[in-house]
Asker: 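The following block contains the structure, expressed as structure tokens.
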Amino acid sequence: MVGLAGVVMNKKTIKDLDLVDKKVIVRVDFNVPLDDSGSVNDEARIKAAMPTIQYILNHGASKVILMSHLGRPKGVVVDSLRMDPVAKELARLLGREVEKLDDCVGKKVKDAVEASDKRVILLENLRFHPQETKGDEAFARELASLADIFVNDAFGTAHRAHASTTIIAKFLPACLGFLVDKEIKSLSCALTPEKPYVVILGGAKVSDKITVISNLMERANTLIIGGAMAYTFLRAKGEGTGSSRVEEDKVSLAKEILEKANCLGIKILLPVDHLVVSAIDKPETKRFTEKLIGGDIAVDIGPKTVNYFKQELEGAKTVLWNGPLGIFENPHYCEGTKEIASMLADLESATVIVGGGDSAAAAKEFGVAGKLAHVSTGGGASLEFLEGKTLPAIAAVPNK
Ligand code: ADP
Ligand code: MG
């Protein structure tokens, strides 16, 4: 694994602001999974925010006010989605008391923030108010009125112009926390890569990834295409696809991509063998084949393809991986994705960046996430960034 280089953005971070005696409001991503008893099931997201919270506390801020959404309450109070279990876990991880408030705006909240003798305050679920996702200015202004500085450390919602992610930056000096700063720097490497640059694209649909393909294609030396979307490309090449999932209305688009790659001298690698079944829920029918015929449904790449893809990855300096190479959630069909993930973890010479929610889940599942240069925490946000779109919450933060 190689570290990260190449920064295209120069946004203000918490290191650029004087925090002494300031009240700092931080948009974090505490949208954690809860178990049946309502306790935090996986504290990874709370842990991930620790460096930013600790830094603010260690640099003289009078208060850290944390705010997040949790689940999808859709603008009304849902008791099972209150932030209390998060506050409990947060207090444990910080080793200090946390004042949890029962709302996020209003006079009571404002008074409670002023009166609190705790340095860490957690506001109630932002999405109990419909104004949050509407990006309501008055709501954002109320949130802003609680503090002197706004820090955005929630990458997963950076593609949404919500009140707490974007609009609030109109009313306070704004900067990025460490998590978002790393996301931006790391994902930027995939846009300004050191070459050779190999992009692995997989997942469910060509239509989900077409903008990513268009934006990255000319920057890459090689595109490796696996997952279900490979079959739309194989059809475009006139090859048999059996009963595998093909997006008929995207075949001509796939043809155009193949032709463009050919003109530009970009290599496109497609699977040369496949794990097939007669029905997705019949793993007992699985077998490998090079030719897809009749009722063959491809659920993973085959061993020849794994080697073929590995050979190409061998010399890469930068690798972006977006999209699993098979139905990795099913242990019967996970081998191809697992093999490629393990290989990426062992690639000594390359900076490996993973974008996309399912790809990140696969990296975690196969125990390689810690060995890669960067695994994005923002599924949709990472895809939009790779598509070349401006993320509103990032755009709202001024440059240095
Ligand atoms: P990401 O979230 O990383 O961007 P996607 O959402 O595009 O990835 O794709 C993930 C989904 O693609 C997974 O649910 C996986 O099961 C599915 N998938 C991968 N390969 C196949 C295949 N051959 N057939 C059907 N589904 C597949
Ligand atoms: Mg996905």
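Along the sequence shown, residues are numbered consecutively beginning with 1. When a ligand or atom number is given, it counts from 1 through the structure's own listing order.
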Asker: By residue and atom, what protein N/O/S atoms are less than 2.8 Å from the Mg ion (ligand 2)?
Answerer: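 You should have found D358 OD2.
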Asker: Looking at ligand 1, does any of its N/O atoms fall within less than 3.5 Å of an N/O of A204?
Answerer: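 Checking ligand 1 against A204, an N or O pair does fall under 3.5 Å apart.
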Asker: Starting from atom 6 (O) of ligand 1, what is the nearest protein heavy atom, named by residue and atom, and what distance separates them?
Answerer: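 That would be D358 OD2, 3.0 Å.
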Asker: For a side chain to side chain donor-acceptor pair (under 3.5 Å) check, start with the C-alpha distance between S382 and E183, then their side-chain angles and the critical distance, and finish with the verdict.
Answerer: CA-CA 8 Å; S382 67; E183 287 280 1; over 6 Å; no
Asker: May I ask you to say whether D111 pairs ionically with K108, meaning some side-chain N is under 4.0 Å from a carboxylate O?
Answerer: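 Not counted as a salt bridge, because no side-chain N and carboxylate O are separated by less than 4.0 Å.
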Asker: Assess G357 for proximity to ligand 1: is some non-hydrogen atom of it under 4.0 Å away?
Answerer: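 Distance cut 4.0 Å: G357 passes for ligand 1.
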Asker: Under the criterion salt bridge (Lys or Arg N to Asp or Glu O under 4.0 Å), I'd like the reasoning laid out for E218 against K260: C-alpha separation, chi angles, the key distance, then a yes or no.
Answerer: CA-CA 9 Å; E218 292 179 33; K260 189 169 170 197; 2.9 Å; yes
Asker: Return the residue, atom name and 0.1 Å-rounded distance of the protein heavy atom closest to atom 21 (C) of ligand 1.
Answerer: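 Minimum-distance protein heavy atom for atom 21 (C) of ligand 1 reads A228 N, 3.4 Å.
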Asker: Indicate, as side chain, backbone, both or neither, the part of N330 found under 4.0 angstrom from ligand 1 when only non-hydrogen atoms are considered.
Answerer: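 Neither; no heavy atom under 4.0 Å.
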Asker: Indicate yes or no for a side-chain donor-acceptor contact from D273 to the backbone of T289 under 3.5 Å, with no hydrogens or angles considered.
Answerer: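 Answer holds: no.
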Asker: Could you check whether any side-chain heavy atom of I327 comes within less than 4.5 Å of a side-chain heavy atom of I280, counting everything from C-beta outward?
Answerer: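 Heavy-atom side-chain distance check passes, below 4.5 Å.
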Asker: If you measure only the distance, is there a donor-acceptor pair under 3.5 Å linking the side chains of E194 and T351?
Answerer: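 Not at all, the side chains of E194 and T351 share no donor-acceptor pair under 3.5 Å.
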Asker: Is the shortest side-chain N to carboxylate O distance from D102 to K100 below 4.0 Å?
Answerer: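 Salt bridge present between D102 and K100.
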Asker: Say whether K205, considering both its backbone and side-chain N or O atoms, lies within less than 3.5 Å of an N or O atom on ligand 1.
Answerer: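 It does not: no N or O of K205 is found under 3.5 Å from an N or O of ligand 1.
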Asker: Going by the order shown, which atoms of ligand 1 are within less than 4.0 Å of some heavy atom of G326?
Answerer: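 That gives atoms 15 (C), 18 (N), 19 (C), 20 (N), 21 (C) of ligand 1.
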Asker: Please step through salt bridge (Lys or Arg N to Asp or Glu O under 4.0 Å) for the pair D296 and R287, ending with a clear verdict.
Answerer: CA-CA 10 Å; D296 291 344; R287 64 187 173 85; 2.7 Å; yes
Asker: Give the residue and atom name of whichever protein heavy atom lies nearest to atom 3 (O) of ligand 1, and the separation in Å to one decimal.
Answerer: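 Minimum-distance protein heavy atom for atom 3 (O) of ligand 1 reads S359 OG, 2.5 Å.
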Asker: Can you tell me if K209 has a non-hydrogen atom under 4.0 Å from ligand 1?
Answerer: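 A heavy atom of K209 does come that close to ligand 1.
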Asker: Give me the residue, atom name and distance of the protein heavy atom closest to atom 27 (C) of ligand 1.
Answerer: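 Among all protein heavy atoms, the one nearest atom 27 (C) of ligand 1 is I327 CG1, 3.6 Å.
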Asker: Mind checking the CG-NZ spacing from L81 to K74? Nearest 0.5 Å is all I need.
Answerer: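 Answer rounded to 0.5 Å: 11.0 Å.
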Asker: Okay, side chain of T165, backbone of R160: is any donor-acceptor separation there less than 3.5 Å?
Answerer: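 A pair under 3.5 Å: yes.
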Asker: Return the closest protein heavy atom for atom 14 (O) of ligand 1 as residue, atom name and distance.
Answerer: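 Ranking protein heavy atoms by distance from atom 14 (O) of ligand 1, first comes E329 OE2, 2.4 Å.
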Asker: How far is atom 23 (N) of ligand 1 from its nearest protein heavy atom, and which residue and atom name does that atom have?
Answerer: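 Protein heavy atom with the smallest distance to atom 23 (N) of ligand 1: A298 O, 3.3 Å.
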Asker: So which of G356, G355, P324, C334 gets nearest to atom 8 (O) of ligand 1, if we judge by its closest heavy atom?
Answerer: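 Checking each option, the heavy atom nearest atom 8 (O) of ligand 1 is found in P324.
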Asker: May I ask you to say whether K88 pairs ionically with E43, meaning some side-chain N is under 4.0 Å from a carboxylate O?
Answerer: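 Looking at E43 together with K88, the answer is no, because their closest N to O distance does not fall below 4.0 Å.
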Asker: Can D181 and T13 be said to form a side chain to side chain donor-acceptor pair (under 3.5 Å), step by step?
Answerer: CA-CA 7 Å; D181 187 46; T13 77; 5.3 Å; no
